[in-house]
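See below for the structure under consideration.
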Amino acid sequence: MSPQTYPHLFAPLDLGFVTLPNRVIMGSMHLGLEEAPGGAERLAAFYRERARGGAALIVTGGIAPNPAGRLTPGAATLETEDQLPHHRVVTDAVHEEGGRIALQILHAGRYGAHPGIVAPSPIQAPISPITPRELDEAEIERTIDDFARTAGLAQRAGYDGVEIMGSEGYLINQFTARRTNHREDRWGGGLDGRLRFPVEIVRRVREAVGKRFIVIYRLSMLELVPEGASLEEALELARRVEAAGATMINSGIGWHEARIPTIAGSVPRGAFAWVTDRFASAVSIPLITTNRINTPDTAERLLSEGRAAMVSLARPFLADPEFVSKAASGAPQRINTCIGCNQACLDHTFSGRPASCLVNPRAGHETDLVVAPAAVGKRIAVTGAGPAGLACATTAASRGHDVTLFEASDRIGGQLNVALQVPGKSEFRETLRYFGVRIEETGVELRLNHRVTATELAEQGFDEVVVATGVVPRRPDIPGLEHPSVLGYLDVLREKAPVGERVAILGAGGIGFDVAEYLTAPSEDPGWSDASAEDPEALRAFLAHWGVDRDYAHAGGLQPPAQERPARDVVMLQRKSGKLGAGLGKTTGWIHRTELARRGVQMMPGVEYLGIDDAGLRVRIPSASPAAGAPEADPSHEERIIEVDTVVLCTGQEPARELHGELAELGIGAHLIGGADVAGELDAKRAIDQGTRLAAWL
């Protein structure tokens, strides 16, 4: 393979005043470094690696044009010349690697999380506790000027362009939508009024920067919210944005408050490129398509089909800064593929933490997680080829250490092989493929079907021993666990044990939700939950399942979701009171809860397990309400028998540390990583990070 294998992906794009070397844009991601101490240097190191890796154009995280537009109280703005040196550190780093970079200008509007938020109308967002203040006409004019000023400053700071964020439900999008713009002056009402704000911004930005500067407009092409734009309204905005001076138009899919997944791992690859394709006949400037494009094969297919002129990849550049150069060198199998989990990127961002990547913990940590050649090569044994052991072994070997990786089973991956069985988690196959390639290219000696003993490790005289032996399921203290109706989650997911029609799942953490989705997936599932599937039928099924109107006959692109019969009747229970699945990811937890609610899964918190027998699961649960006049000591609980055929235990894990203890008895110190260190909810993010960091230190 070579650029000839991906002729469309590596075709230059002539913008008239500048030629981009390929068709890959690194999309905007706010990293949380923009406001951090020493953030400029960390951002420079981050973007430098991506420019060196071959991205044709990098778009920064969103920078506000004024204080009201910030996402959070301390978020970055670009308003004065005093701020230019901070940005030149970044632009210089990118240009030194031969790359180009554009600043995204983002005004949060009602999505801001601070008291000074503003909007076209004082309508509170469903995902925010704050009601915005309505902008008056003079403030609207000043805001437009602020966009133009920030663009001019970006040009002086060395940026090659700007992207104007006009989608995802932020301020500009709030002006264009009837849902959020109830004004009756010239900035609202009919279509002309609602489109005036974005068009004026583009026009004044172009006036501020001149003709030889990239101006991308991020246009909300499919809003996925009630009262969202129609296709004709979005097309008309595209025409006017082009006429106002935009160089390119990028695709915006969905608002942040939309209840349809657009970027999670369960979304088929390239699932929304058809949206961009609808705009090709409306404008003559290049269109950029985006969302769930994580392999060069997917990118090439979309470009060859004429869906767009460029593809925008954001999280894939977190996973692998060399995405483009590896594809260009004919080695796409070496790419560390984004799996769409959101756990270390978006979940971190929305928790106020710097963004990184589950499969690449160096992302955002280029200056502090340095993987350099070892001063002295060591013989290192790593026991367990789960995510922690794989990361540790391959990273250590890449530094020049002599590494032997022991695995008791016949394959690498550990608990990742269990996760692969869950609908929407098929992308972990890419992670296993990547680590398999890394084992070969770094020279790790892999010994499968080898349960290494402490004595064996001692006899071989390794300089360092790393114990990454994972976890074992925790068995709760409940009478009747030996009843034939009781299964563990490994019995269900790994061993494919028969499961009845009526199921109780004990435990409602991530594993409990995974098992519930696995057991309730409709038997006629067409395969769209396998995110790597790219066939048209799988895409149609996904869109119908979530109620996306591909014909765009309804405003916002919404229609009633398809009705599907779940495979089983399932009830989930947990001992803790409060919402089930409280620990799920911030940006994906709602997807799992919505899915299970649609499948009729009952959820019971605050449950005491009394026993399991032929009658079913005996529990004590909180009553709907305490009896009137009941004494304070009345527990207000009732005993019930839940009639089920199968009880599945998802009640946590324990570290598998036997080997570590045996080594200690022999006087051999060993490093504990992954689940063997801390048994969590199959936490691959922590495991890979811990394995990588240990290997960088050894």
Side-chain angles (χ1 to χ4, degrees), residues 415 418 422 471-520 566-584 589 592-593 595-597 599-627 630 632-656 675 678-683:
Q415 297 284 351
V418 178
V422 179
V471 299
V472 292
R474 180 187 299 128
R475 290 181 66 82
D477 184 15
I478 302 173
L481 284 189
E482 303 309 316
H483 192 272
S485 66
V486 178
L487 298 172
Y489 67 86
L490 291 179
D491 298 320
V492 174
L493 296 176
R494 187 177 66 190
E495 307 302 330
K496 308 301 181 185
V499 177
E501 296 297 313
R502 301 170 301 169
V503 182
I505 297 174
L506 309 192
I511 297 172
F513 271 76
D514 283 348
V515 170
E517 291 200 47
Y518 173 81
L519 292 177
T520 58
R568 294 176 178 82
D569 293 326
V570 171
V571 56
M572 295 180 67
L573 309 97
Q574 70 177 20
R575 283 174 164 160
K576 294 185 295 185
S577 59
K579 181 170 67 174
L580 276 70
L584 298 176
H592 303 299
R593 284 187 284 269
E595 191 70 271
L596 295 187
R599 297 177 185 179
V601 174
Q602 299 180 62
M603 299 192 180
M604 296 184 180
V607 177
E608 180 184 354
Y609 306 127
L610 301 179
I612 302 165
D613 53 33
D614 289 342
L617 173 65
R618 293 186 295 109
V619 297
R620 184 177 290 120
I621 63 174
S623 299
S625 59
E632 192 170 319
D634 185 350
S636 299
H637 278 50
E638 60 175 326
E639 292 190 13
R640 283 179 53 184
I641 295 177
I642 302 177
E643 297 180 0
V644 292
D645 307 309
T646 306
V647 176
V648 183
L649 304 179
C650 301
T651 46
Q653 304 83 32
E654 301 286 353
V678 178
E681 285 281 350
L682 305 186
D683 191 351

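Hydrogens, waters and symmetry mates play no part in the numbers below; they use all other heavy atoms, side chains included.
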Residue Glu639 excluded, over 12 heavy atoms near CD under 6.0 Å: yes

Between CG on residue Leu493 and CG on residue Leu519, distance to nearest 0.5 Å: 7.5 Å

For the student: nearest non-hydrogen atoms of Val472 and Ala656, plus distance: CG1-CB, 4.2 Å

Derivation and outcome, side-chain contact (heavy atoms from CB on, under 4.5 Å), residues Glu638 and Ile621: CA-CA 6 Å; Glu638 60 175 326; Ile621 63 174; 3.9 Å; yes

Inter-residue atom distance Leu506.CG - Arg575.CZ, 0.5 Å rounding: 8.5 Å

Thr646 OG1 to Glu501 CD distance, which is reported to the nearest 0.5 Å: 9.0 Å

Nearest-0.5 Å distance, CD1 of residue Ile478 to CZ of residue Arg618: 11.0 Å

Among Val644, Ile511, Val515, the one residue meeting side chain to side chain contact (heavy atoms under 4.5 Å, CB included) with Ile505: Val515

Leu584 versus Gly589, closest heavy-atom pair with distance: CB-CA, 3.7 Å

Main-chain N/O of Gly581 paired with Arg593 side-chain donor or acceptor, under 3.5 Å: yes

Arg568/Asp645 under side-chain contact (heavy atoms from CB on, under 4.5 Å): CA gap, chis, key distance, verdict: CA-CA 11 Å; Arg568 294 176 178 82; Asp645 307 309; over 6 Å; no

Close side-chain approach of Val619 and Met604, heavy atoms under 4.5 Å: no

Pair Asp614, His483: side-chain N/O donor-acceptor within cut-off below 3.5 Å: yes

Minimum-distance pair of heavy atoms, taken over all atoms of Glu517 and Leu596: CG-CD2, 3.6 Å

Backbone of Leu610 reached by a side-chain donor or acceptor of Arg620 within 3.5 Å: no

Test item: Tyr489 side-chain N/O and Val418 main-chain N/O as donor-acceptor pair under 3.5 Å: no

Where Arg599 and Pro566 come nearest, the two heavy atoms and their spacing: O-CG, 3.4 Å

Close side-chain approach of Leu649 and Pro473, heavy atoms under 4.5 Å: no

Euclidean distance, Gln602 CD relative to Met572 CE, rounded to 0.5 Å: 12.0 Å

Heavy-atom closest contact (Leu573 atom, Tyr609 atom, distance): O-OH, 3.2 Å

Heavy-atom pair with the smallest gap, counting every atom of Pro605 and Pro622: O-CD, 3.8 Å

Side-chain donor/acceptor of Gln574 to backbone N/O of Lys576, under 3.5 Å: yes

Distance, nearest 0.5 Å, that separates CD of Gln415 from CD of Gln653: 7.0 Å

Any donor-acceptor N/O pair, Thr651 side chain to Gly507 backbone, under 3.5 Å: no

CA sep, side-chain torsions, deciding dist, call: Leu487, Glu495, side-chain contact (heavy atoms from CB on, under 4.5 Å): CA-CA 10 Å; Leu487 298 172; Glu495 307 302 330; over 6 Å; no

side-chain contact (heavy atoms from CB on, under 4.5 Å) partners of Glu482, counting only residues at least two apart: Arg475

